[in-house]
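Below is one structure, written out as structure tokens; comments come after it.
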Amino acid sequence: MSEQSTTTKVATPSGPAEQSPSPDGLKAGLKNRHLSMIAIGGVIGAGLFVGSSAGIAAAGPAILISYALVGVMVVLVMRMLGEMAAANPTSGSFSEYADRALGRWAGFSIGWLYWFFWVVVLAVEATAGAVILEGWIPSVPQWAWALIVMVVLTATNLVSVGSYGEFEFWFAGIKVVAIGAFVAIGMLAVFGVLPGSDNPGAGFAHLTDAGGFFPKGAGAILTGVLMVVFSFMGSEIVTLAAGESENPQRAVTKATNSVIWRIAVFYLGSIFVVITLLPWNASAIVKDGSYVAALNSIGIPHAGQVMNVIVLTAVLSCLNSGLYTASRMAFSLGKRGDAPKAFAKTTSSGVPRAAILGSVVFGFVAVFFNYKWPDTVFAFLLNSSGAVALFVWLVICFTQLKMRGIILREMPERLVVKMWAFPYLTWATIGMISFVLVYMLFDDTGREQVLLSLLVAALVITIAVLRERGRTRATTGTDLNTELDA
């Protein structure tokens, strides 16, 4: 990319990053430990804790293959994104890269779609957190808890990027420790060496003893893919945050290189523990949730309450990161003239206040819709943003195909993270994502999501194309007037 669009000076492979005041007003307030934990915790969403039971019920032990397939897809997408972000860390991440590589219409479209996805997520997570908190303190109504949670995290984001990073460091830290402990304790129980465990039936036999490894047929793997793919959304957040870090290139490189083990341990490891501790068709998995059922099976006391604390932490983490991500994307769009100019302004502490408030206002509206019209207006918002994750990954793939040449031509020394087997694996990933989108059209549960998401995407792209034509006409008219005056 051109030097004008680079927001933070990055290191060459031979030396450390050089920090300089960001020309767009953002501050490098995120420390390396913040970025490391954001990267690790970014792949652990609340969907992993509360949504995995449905996937297990749909595919049985074969859900492991579903998670593995989606995991491979995410690893490849993150490698592509890491290649571009290490060369040019920026608050707009893939939206700015698409702007440069594919055209203004692409950057505009994917930026607004991504913003839309996260502000809807704000409403979903605020409501989920409110449900848990109301269960603990029923004297405070659910809507009030949602309001309190949103206000507190908005205030956190408004103070400084460092306060966001600190909150996320601890939120993500709790998630990471919880999943790590779950996997460790579960594996001890599986091998029969956990002191005090009262689950003698735990073991690898559960992988095949209830109808085999494919109890619902091999086709259930694809159904499982549709059910788990969206729980991986968020792994790309670290590339947006890198532009406000002490050493952007190092942070992106480290996050990209570690994504494989993170997915292997947190997703495959934890799901493997669940289906080896219990038969996949155990009623407790659906009734209590997969993780609570697994903990109960080995006699962990108060497993439900422990899991509620962890899920609440995951919800708050997702809310915190969702608000940060939506605001930085709005900031980037404002900076490029694709959103109100106020979104591109920052406070003295480097915070894009208008972008944060604009994002949270829509989040509050979505929360209101969730309480007032949950089955109509909010259901439309939820379904119309459902496939955006796949659209984002697809755009990242096509962008990387062109950005590799731009990087090699303009800043070859910054190509320190390379996509493997380029361009073959890039095209293979495009094929995988496209297959999932097409399969959704033939799936009863996924059809509405992909059709409504396509409708919203078509609307945004139409607006982007019309804006671009308007700009072109205005530029042509200005050039013509200049020639006539001359």
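Position 1 is the first residue of the sequence; numbering continues from there. These numbers come from a predicted model, not from an experiment.
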Residues Lys335, Glu96: salt bridge by 4.0 Å N-O rule: yes

Separation between CD of Glu125 and CG of Leu316, rounded to the nearest 0.5 Å: 9.0 Å

Residue pair Ser327 / Ile356: nearest heavy atoms and the distance that separates them: CB-CG1, 3.5 Å

Considering all heavy atoms, the nearest Gly224-Ile63 contact: CA-CD1, 3.8 Å

Closest non-hydrogen atom pair, Ala241 against Leu30: O-CD1, 3.5 Å

Thr346 side-chain N/O to Val351 backbone N/O, donor-acceptor pair under 3.5 Å: no

With Leu415 via side-chain contact (heavy atoms from CB on, under 4.5 Å) - residues at least two apart: Glu83, Arg404, Ile407, Leu408, Lys418

From CH2 (Trp115) to CG (Asp338), nearest 0.5 Å: 14.0 Å

Parallel, tilted or perpendicular: ring planes of Phe272 versus Phe204, cut at 30 and 60 degrees: tilted

Side chain to side chain, Leu153 and Tyr164, heavy atoms closer than 4.5 Å: no

Under 3.5 Å: donor-acceptor pair, side chain of Thr325, backbone of Gly322: no

Donor-acceptor contact present, side-chain Thr90 to main-chain Ser93, <3.5 Å: no

Heavy atoms from other residues, nucleotides or ligands near CZ of Phe167 exceed 12 (cutoff 6.0 Å): no

Distance under 6.0 Å and angle within 45° of ring axis: Arg33 vs Phe169: yes

Listing, residues 64-73 side-chain donor-acceptor contacts under 3.5 Å, not counting sequence neighbours, or none:
from: Ser66; atom 1: OG; to: Ile221; atom 2: O; distance (Å): 2.7

Test item: side-chain donor near acceptor, Ser453 and Ser384, under 3.5 Å: no

Any donor-acceptor pair under 3.5 Å from Thr426 side chain to Phe422 backbone: no

side-chain contact (heavy atoms from CB on, under 4.5 Å) assessment of Gln142 paired with Tyr371: CA-CA 10 Å; Gln142 196 179 116; Tyr371 286 111; 3.4 Å; yes

Spacing of CE belonging to Met403 relative to CZ belonging to Arg409, to within rounding of 0.5 Å: 9.5 Å

Check: Val152 main-chain N/O paired with Thr156 side-chain donor or acceptor under 3.5 Å: yes

Residue pair Glu168 / His34, side-chain donor-acceptor N/O under 3.5 Å: no

Close side-chain approach of Phe117 to Met233, heavy-atom, < 4.5 Å: yes

Note: Arg100-Glu410 ion pair, threshold 4.0 Å (strictly below): yes

Shortest non-hydrogen contact between Cys397 and Thr429, atoms and distance: SG-CG2, 3.8 Å

Side chain to side chain donor-acceptor pair (under 3.5 Å) between Arg336 and Ser95, worked out: CA-CA 10 Å; Arg336 286 175 278 152; Ser95 175; 2.8 Å; yes

is_close_aromatic(Phe368, Trp143), centroid dist under 6.0 Å: no

Spacing of Ile110 atom CD1 and Ile396 atom CD1 [to the nearest 0.5 Å]: 8.0 Å

Flag for Lys175-Ser317: side-chain donor and acceptor within less than 3.5 Å: yes

Exam field: side chain Ser109 to backbone Ala106, donor-acceptor pair closer than 3.5 Å: no

Side-chain heavy atoms of Val238 within contact of Met78, under 4.5 Å: yes

Nearest atoms (heavy-atom pairs only) where Ala293 meets Ala284: CB-O, 3.6 Å

Near-ring test Tyr114/Phe391, centroid separation under 6.0 angstrom: no

Near-ring test Phe266/Phe232, centroid separation under 6.0 angstrom: no

Intermediate values then yes/no, side chain to side chain donor-acceptor pair (under 3.5 Å), Ser52 and Ser290: CA-CA 7 Å; Ser52 55; Ser290 53; 2.6 Å; yes

Pairwise distance CG(Leu81) to CD(Gln400) - rounded to 0.5 angstrom: 10.0 Å

Close side-chain approach of Tyr291 and Ile179, heavy atoms under 4.5 Å: yes

Nearest non-hydrogen partners of Gly92 and Ser332, listed with the distance: CA-OG, 3.2 Å

Inter-residue atom distance Trp393.CH2 - Leu437.CG, 0.5 Å rounding: 10.5 Å

